[in-house]
Participant: 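One structure coming up, written as structure tokens, with questions to follow.
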Amino acid sequence: MSYVQRVLEQTIKRNPSEFEFHQAVKEVLESLEPVFARRPEYAKAGILERIVEPERQIIFRVPWLDDQGNVQVNRGFRVEFNSAIGPYKGGLRFHPSVNLGIIKFLGFEQIFKNSLTGLPIGGGKGGSDFDPKGKSENEIMKFCQSFMTELYRHIGADTDIPAGDIGVGAREIGYLFGQYKRITNLYEGVLTGKGLTYGGSLVRREATGYGLIYFMEEALKDRGKAFEGATVVISGSGNVAIYAAQKAQQLGAKVVAMSDSNGYVYDREGIDLDIVRQLKEVERRRIKDYLQYKPQAEYHENFADIWTVPCDIALPCATQNELNEKAAKTLVSNGCFAVGEGANMPCTPEAIKVFQSNNIIYAPGKASNAGGVATSCLEMTQNSMRYSWTFEEVDAKLKTIMINIYKNASQAAKEYGIEGNLVVGANIAGFLKVADSMLAQGVV
Ligand code: NDP
Ligand code: 2IT
């Protein structure tokens, strides 16, 4: 049995029921097979056995009082996965589906993603099974304060720097930051995605979506394609989806469908993003209400059917495993030529195989959605400098970072004889820097 297969088996055995974690580990480890043939010192130093085991996992009780005065209890997580190349960095997810396996898959992916940015950040992730939907402002604030009352002792501007993810945006980051500052008496860049009046960075809000489009622009260019004139379908209508749509539109694409967890809207004239932003960012309503403003658009329940809408470019920007084999086949038969992941692990392994065997441009999330965390690191940089860059300055840095990620991933794929395979390329390019740092730092 190969080194990779042995570690994979051990990992699955040791972490039963963590299915998303198994899926993420399997993809990364299997694509690293050719690396171990060339670099036997990694196996000798137990790099894989160590890299699949988080350095620290914190699970805690989050008690809070709802508006009726009832005691509510949620579970909080922070997984500090790997600090070989920098302090732990990664978002917080608040969603009822959150469990340890999901946080570990996200934290594991984050190690390689953060390495790909070229910036000095390690991998971590956290969150809670708290459901922000239907909660009052007061309840959201009380929950965030209780969550931080435990989390603060584990994090710090040079230790572990959380940010947003599903269900955690500028509002939640504000409440979390306020409580951290109150408890510690420290005004430091301990969280990213902050508001612009208290240490946030311009472009952080747009960064994941814009970064995805910058990455895809490069990938498309290599195959003689472009966003100009293309029909695009984007799942989700949250932070990543909205700014991916905005940049795609700026580049001359027509975005015809977007979704939320209830269903999707199809607007053949092209989605009016001002309506989506008002509904989602300001009023926190459902995507279905789009039809109140544009009655000629269509609404369909079952958000996963969004992939039946014919398009040239598909951008899954909602959640993990939202695009399966059947959806992939439908996309291919409808003429889709590129798929770029804004979400983390949105395509199932079977769907990825369909794309690859049909020569579709396929960009894995850990490469194509790295613009968010990269800009988070630029926010940390500005916080440390006590200084702020302009929108244009941050945007230009983000674009350069995304182009470099594309180049490094495609170069690594080429070097290992699998040209065009961005999955293998991203995994290898991200892994090498972390593995060499672990090697240099000894058995820790
Ligand atoms: P938001 O909370 O802003 O938006 C999430 C969107 O996805 C909403 O439209 C939501 O619908 C939908 N969604 C969430 N969970 C599900 C589900 N289980 N089934 C169907 N739809 C779902 O989150 P983000 O936009 O920040 O995150 C989207 C994805 O991008 C996630 O995979 C995240 O990990 C990834 N990501 C985010 C980054 C960031 O900077 N924010 C950076 C890199 C990756 P509804 O409102 O109905 O729940
Ligand atoms: O998945 C991700 O990369 C994020 N949610 C962003 C993490 C961050 O620290 O900005």
Side-chain angles (χ1 to χ4, degrees), residues 20 86-98 102-103 105-114 116-117 119 121-127 131-134 155 160-173 189-194 200-201 203-212 234-245 258-265 276-277 279-281 284-288 302-304 306 315-323 341-347 364-380:
E20 291 84 359
Y88 311 106
K89 179 86 196 88
L92 297 171
R93 176 177 292 191
F94 292 171
H95 193 270
S97 63
V98 163
I102 289 181
I103 299 299
F105 118 65
L106 291 162
F108 185 72
E109 290 279 289
Q110 202 81 44
I111 304 171
F112 307 98
K113 181 195 301 191
N114 293 3
L116 281 168
T117 65
L119 301 168
I121 38 179
K125 198 86 187 190
D131 187 358
K133 281 200 195 83
I155 63 177
D160 183 355
I161 307 92
D165 194 82
I166 291 175
V168 178
R171 173 180 64 171
E172 291 73 21
I173 294 292
V190 66
L191 290 157
T192 58
K194 299 185 291 299
S201 173
V203 194
R204 177 61 189 88
R205 179 182 64 177
E206 293 83 0
T208 311
Y210 279 21
L212 169 65
I234 302 182
S235 65
S237 49
N239 174 262
V240 179
I242 286 175
Y243 293 95
M258 293 181 80
S259 60
D260 61 22
S261 57
N262 293 114
Y264 72 91
V265 287
V276 176
R277 290 184 61 189
L279 286 174
K280 289 291 176 179
E281 294 184 331
R284 298 179 189 274
R285 286 164 65 188
R286 309 308 298 160
I287 199 76
K288 186 182 185 176
N302 191 356
F303 76 96
I306 193 172
L315 304 174
C317 295
T319 194
Q320 66 274 0
N321 293 325
E322 54 161 312
L323 197 167
E341 295 185 339
N344 286 304
M345 209 167 76
C347 298
K366 69 167 74 64
S368 52
N369 74 31
V373 75
T375 307
S376 276
C377 192
L378 300 177
E379 181 173 329
M380 290 160 64

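When a ligand or atom number is given, it counts from 1 through the structure's own listing order. Position 1 is the first residue of the sequence, and the numbers go up from there. Being a predicted model, the structure only gives us computed values, none of them experimental.
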Participant: Please give me the minimum heavy-atom distance between K113 and N344, naming the atom from each residue.
Facilitator: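 Between these two residues, the closest heavy atoms are NZ-OD1, 2.9 Å.
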Participant: Can you confirm whether R93 sits close enough to T319 that some side-chain heavy atom of one is under 4.5 Å from a side-chain heavy atom of the other?
Facilitator: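 In short, these two side chains touch, coming nearer than 4.5 Å.
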Participant: Could you please spell out the steps behind the side-chain contact (heavy atoms from CB on, under 4.5 Å) verdict for D165 and K125?
Facilitator: CA-CA 9 Å; D165 194 82; K125 198 86 187 190; 3.0 Å; yes
Participant: Checking a contact table here: which protein heavy atom is nearest atom 45 (P) of ligand 1, and how many Å away?
Facilitator: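 Looking only at protein heavy atoms, the one closest to atom 45 (P) of ligand 1 is S261 OG, 3.5 Å.
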Participant: Among protein heavy atoms, which lies nearest atom 13 (N) of ligand 1, and at what distance?
Facilitator: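 Protein heavy atom at minimum distance: A318 CB, 4.1 Å.
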Participant: Out of all atoms in ligand 1, which are within 4.0 Å of some heavy atom of R93? Include the element for each.
Facilitator: 31 (C), 32 (O), 33 (C), 34 (O)
Participant: What residue and atom, counting heavy atoms only, is the protein's closest point to atom 46 (O) of ligand 1, and at what distance?
Facilitator: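 Of every protein heavy atom, R286 NH1, 3.7 Å lies nearest to atom 46 (O) of ligand 1.
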Participant: How close do A370 and K366 get, counting heavy atoms only, and between which atoms?
Facilitator: CB-O, 3.8 Å
Participant: Look at atom 48 (O) of ligand 1 and say which protein heavy atom is nearest, naming residue and atom and giving the distance to 0.1 Å.
Facilitator: K133 NZ, 2.9 Å
Participant: Show your reasoning for whether side-chain contact (heavy atoms from CB on, under 4.5 Å) applies to E20 and S97.
Facilitator: CA-CA 12 Å; E20 291 84 359; S97 63; over 6 Å; no
Participant: Whether the side chain of K280 engages the backbone of R285 through a donor-acceptor N/O pair (distance < 3.5 Å, no angle test) should be reported.
Facilitator: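 Pair found, side chain donor or acceptor close to backbone of R285.
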Participant: Starting from atom 14 (C) of ligand 1, which protein heavy atom do you reach first, and at what distance in Å?
Facilitator: I166 CD1, 3.9 Å
Participant: Which atoms of ligand 1 have any heavy atom of G342 under 4.0 Å away?
Facilitator: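 Listed by number with element, the hits are 30 (O), 35 (C), 36 (N), 44 (C).
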Participant: When you compare ligand 1 with G167, is there at least one nitrogen or oxygen pair between them that comes in under 3.5 angstrom?
Facilitator: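 G167 vs ligand 1: N/O contact under 3.5 Å present.
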Participant: Which pair of non-hydrogen atoms, one from L212 and one from C317, has the smallest distance, and what is that distance?
Facilitator: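 Looking at all heavy atoms of both residues, the closest pair is CD2-SG, 3.8 Å.
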Participant: Let me confirm one number: the OH-CD1 distance from Y88 to I111, rounded to the nearest 0.5 Å.
Facilitator: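 Rounded to the nearest 0.5 Å, the OH-CD1 separation comes out at 10.5 Å.
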Participant: Does ligand 1 have a heavy atom under 4.0 Å from the side chain of S235, from its backbone, from both, or from neither?
Facilitator: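 Near ligand 1, S235 shows nothing, with every heavy atom at 4.0 Å or more.
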Participant: Starting from atom 37 (C) of ligand 1, find the nearest protein heavy-atom neighbour and note its residue, name and distance.
Facilitator: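 Checking every protein heavy atom, the shortest distance to atom 37 (C) of ligand 1 gives V240 CG2, 3.4 Å.
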Participant: Rounded to the nearest 0.5 Å, what's the gap from CG on L191 to CG on D160? Could you check?
Facilitator: 9.5 Å
Participant: For V168 and A163, which heavy atoms make the closest approach, and how far apart are they?
Facilitator: CG1-O, 4.2 Å
Participant: Whether the side chain of D260 engages the backbone of R286 through a donor-acceptor N/O pair (distance < 3.5 Å, no angle test) should be reported.
Facilitator: no
Participant: Give me the one residue out of R204, R205, K194 that meets salt bridge (Lys or Arg N to Asp or Glu O under 4.0 Å) with E379.
Facilitator: K194
Participant: Nearest to atom 7 (C) of ligand 2, what protein heavy atom do you find, and at what distance?
Facilitator: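 Nearest protein contact, heavy atoms only, for atom 7 (C) of ligand 2 is G91 N, 3.5 Å.
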Participant: Heavy-atom distance from atom 10 (C) of ligand 1 to the protein below 4.0 Å?
Facilitator: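 So atom 10 (C) of ligand 1 lacks protein heavy-atom neighbours under 4.0 Å.
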Participant: For Q320, which part has a heavy atom under 4.0 Å from ligand 1: side chain, backbone, both, or neither?
Facilitator: neither
Participant: Looking at every heavy atom in both F303 and Y264, which two are closest together, and how far apart are they?
Facilitator: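 What the structure gives for the nearest pair is O-CD2, 4.3 Å.
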Participant: Would you check the N or O atoms of S237, main chain and side chain alike, for any that come under 3.5 Å of an N or O of ligand 1?
Facilitator: yes
Participant: Could you tell me if any non-hydrogen atom of G169 lies under 4.0 Å from any atom of ligand 1?
Facilitator: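 Distance cut 4.0 Å: G169 fails for ligand 1.
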Participant: Nearest heavy-atom pair of I103 and G127: which atoms, and what distance?
Facilitator: CD1-N, 4.1 Å
Participant: Does any N or O atom in N369 lie less than 3.5 angstrom from one in ligand 2, N or O only?
Facilitator: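 Not met; the criterion fails.
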Participant: Counting each atom of ligand 2 from 1 as listed, which ones have a heavy atom of A163 under 4.0 Å away?
Facilitator: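 That gives atoms 8 (C), 9 (O), 10 (O) of ligand 2.
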Participant: Could you tell me, atom by atom, which parts of ligand 1 come under 4.0 Å of a heavy atom of G236?
Facilitator: 9 (O)
Participant: Please say whether D260 places an N or O atom under 3.5 Å from an N or O atom belonging to ligand 1.
Facilitator: no
Participant: Report, in ascending order of atom number, the atoms of ligand 1 lying under 4.0 Å from any heavy atom of C317.
Facilitator: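 Atoms satisfying the 4.0 Å criterion: 28 (C), 29 (C).
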Participant: Judged by non-hydrogen atoms, does E322 sit under 4.0 Å from ligand 1?
Facilitator: no
Participant: Could an N or O of ligand 1 be found under 3.5 Å from any N or O of N262, whether backbone or side chain?
Facilitator: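 N/O-N/O distance under 3.5 Å: no.
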Participant: Check for me whether Q110 has a heavy atom closer than 4.0 Å to any atom of ligand 2.
Facilitator: yes
Participant: Any nitrogen or oxygen of D165, side chain or backbone, less than 3.5 Å from one on ligand 1?
Facilitator: yes
Participant: Any side-chain heavy atom of N369 within less than 4.5 Å of one from V240?
Facilitator: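 No, side chains not in contact.
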Participant: Answer whether the closest heavy-atom distance between the side chains of N262 and I287 falls below 4.5 Å.
Facilitator: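 When only atoms from C-beta onward are counted, I287 and N262 do not touch, as no gap falls below 4.5 Å.
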Participant: May I ask you to check whether N344 has an N/O atom sitting below 3.5 Å from an N/O atom of ligand 1?
Facilitator: yes
Participant: Strictly under 4.0 Å, does any heavy atom of G365 approach an atom of ligand 2?
Facilitator: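 No, G365 has no heavy atom closer than 4.0 Å to ligand 2.
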Participant: Quick one: are R284 and R171 in side-chain contact, heavy atoms under 4.5 Å?
Facilitator: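 Yes, close enough: below the 4.5 Å cut-off.
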Participant: Counting non-hydrogen protein atoms only, what is the nearest one to atom 9 (O) of ligand 2? Give residue, atom name and distance.
Facilitator: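 Sorting protein heavy atoms by distance from atom 9 (O) of ligand 2 puts K89 NZ, 2.7 Å first.
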Participant: Please determine whether any non-hydrogen atom of R93 lies less than 4.0 Å from an atom of ligand 2.
Facilitator: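 Under 4.0 Å: no for R93.
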Participant: Using a 4.0 Å cutoff against the non-hydrogen atoms of S376, which atoms of ligand 2 qualify?
Facilitator: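 Matching atoms, with element in brackets: 8 (C), 9 (O), 10 (O).
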Participant: Please confirm whether S97 approaches ligand 1 to less than 4.0 Å, judged on its heavy atoms.
Facilitator: no
Participant: Would you check if there is a donor-acceptor pair between the side chains of R277 and Y243 at a distance under 3.5 Å?
Facilitator: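 Y243 vs R277: donor-acceptor pair found between side chains.
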Participant: Between atom CD1 of I173 and atom CG of L92, what is the distance when rounded to the nearest 0.5 Å?
Facilitator: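 The CD1 atom of I173 sits 6.0 Å away from the CG atom of L92.
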Participant: For atom 39 (C) of ligand 1, what's the nearest protein heavy atom and its distance?
Facilitator: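 It is T208 OG1, 3.4 Å.
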Participant: For atom 2 (C) of ligand 2, which of K113, M380, K366, R204 has the closest heavy atom?
Facilitator: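 Going through K113, M380, K366, R204 one by one, K113 has the nearest heavy atom to atom 2 (C) of ligand 2.
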Participant: Could you list which atoms of ligand 1 come closer than 4.0 Å to a heavy atom of R204?
Facilitator: 39 (C), 40 (O)
Participant: Do side-chain atoms of E172 reach the backbone of G169 as a donor and acceptor pair under 3.5 angstrom?
Facilitator: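 The answer is yes, because a donor-acceptor pair under 3.5 Å joins these two groups.
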Participant: Using a strict 4.0 Å cut-off to heavy atoms of F303, name the atoms of ligand 1 that fall inside it.
Facilitator: 19 (N), 20 (C)
Participant: At under 4.0 Å between heavy atoms, which part of K125 makes contact with ligand 2: side chain, backbone, both or neither?
Facilitator: side chain
Participant: Side chain or backbone of I161 under 4.0 Å from ligand 2, or both, or neither, by non-hydrogen atoms?
Facilitator: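 Looking at I161 and ligand 2, no heavy atom falls under 4.0 Å.
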Participant: Suppose I only count heavy atoms of H95 and a 4.0 Å limit; which atoms of ligand 1 are within that range?
Facilitator: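 Contacts of ligand 1 toward H95, numbered from 1: 15 (N), 18 (N).
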Participant: Donor-acceptor pair, S259 side chain versus S235 backbone, under 3.5 Å?
Facilitator: no
Participant: Can you report which non-hydrogen protein atom sits closest to atom 41 (N) of ligand 1, along with the distance?
Facilitator: N239 OD1, 3.7 Å
Participant: Donor-acceptor pair, distance only, cut-off 3.5 Å: does the side chain of K89 make one with the backbone of I161?
Facilitator: yes
Participant: Is any N or O atom of A241, backbone or side chain, closer than 3.5 Å to an N or O atom of ligand 1?
Facilitator: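 Not met; the criterion fails.
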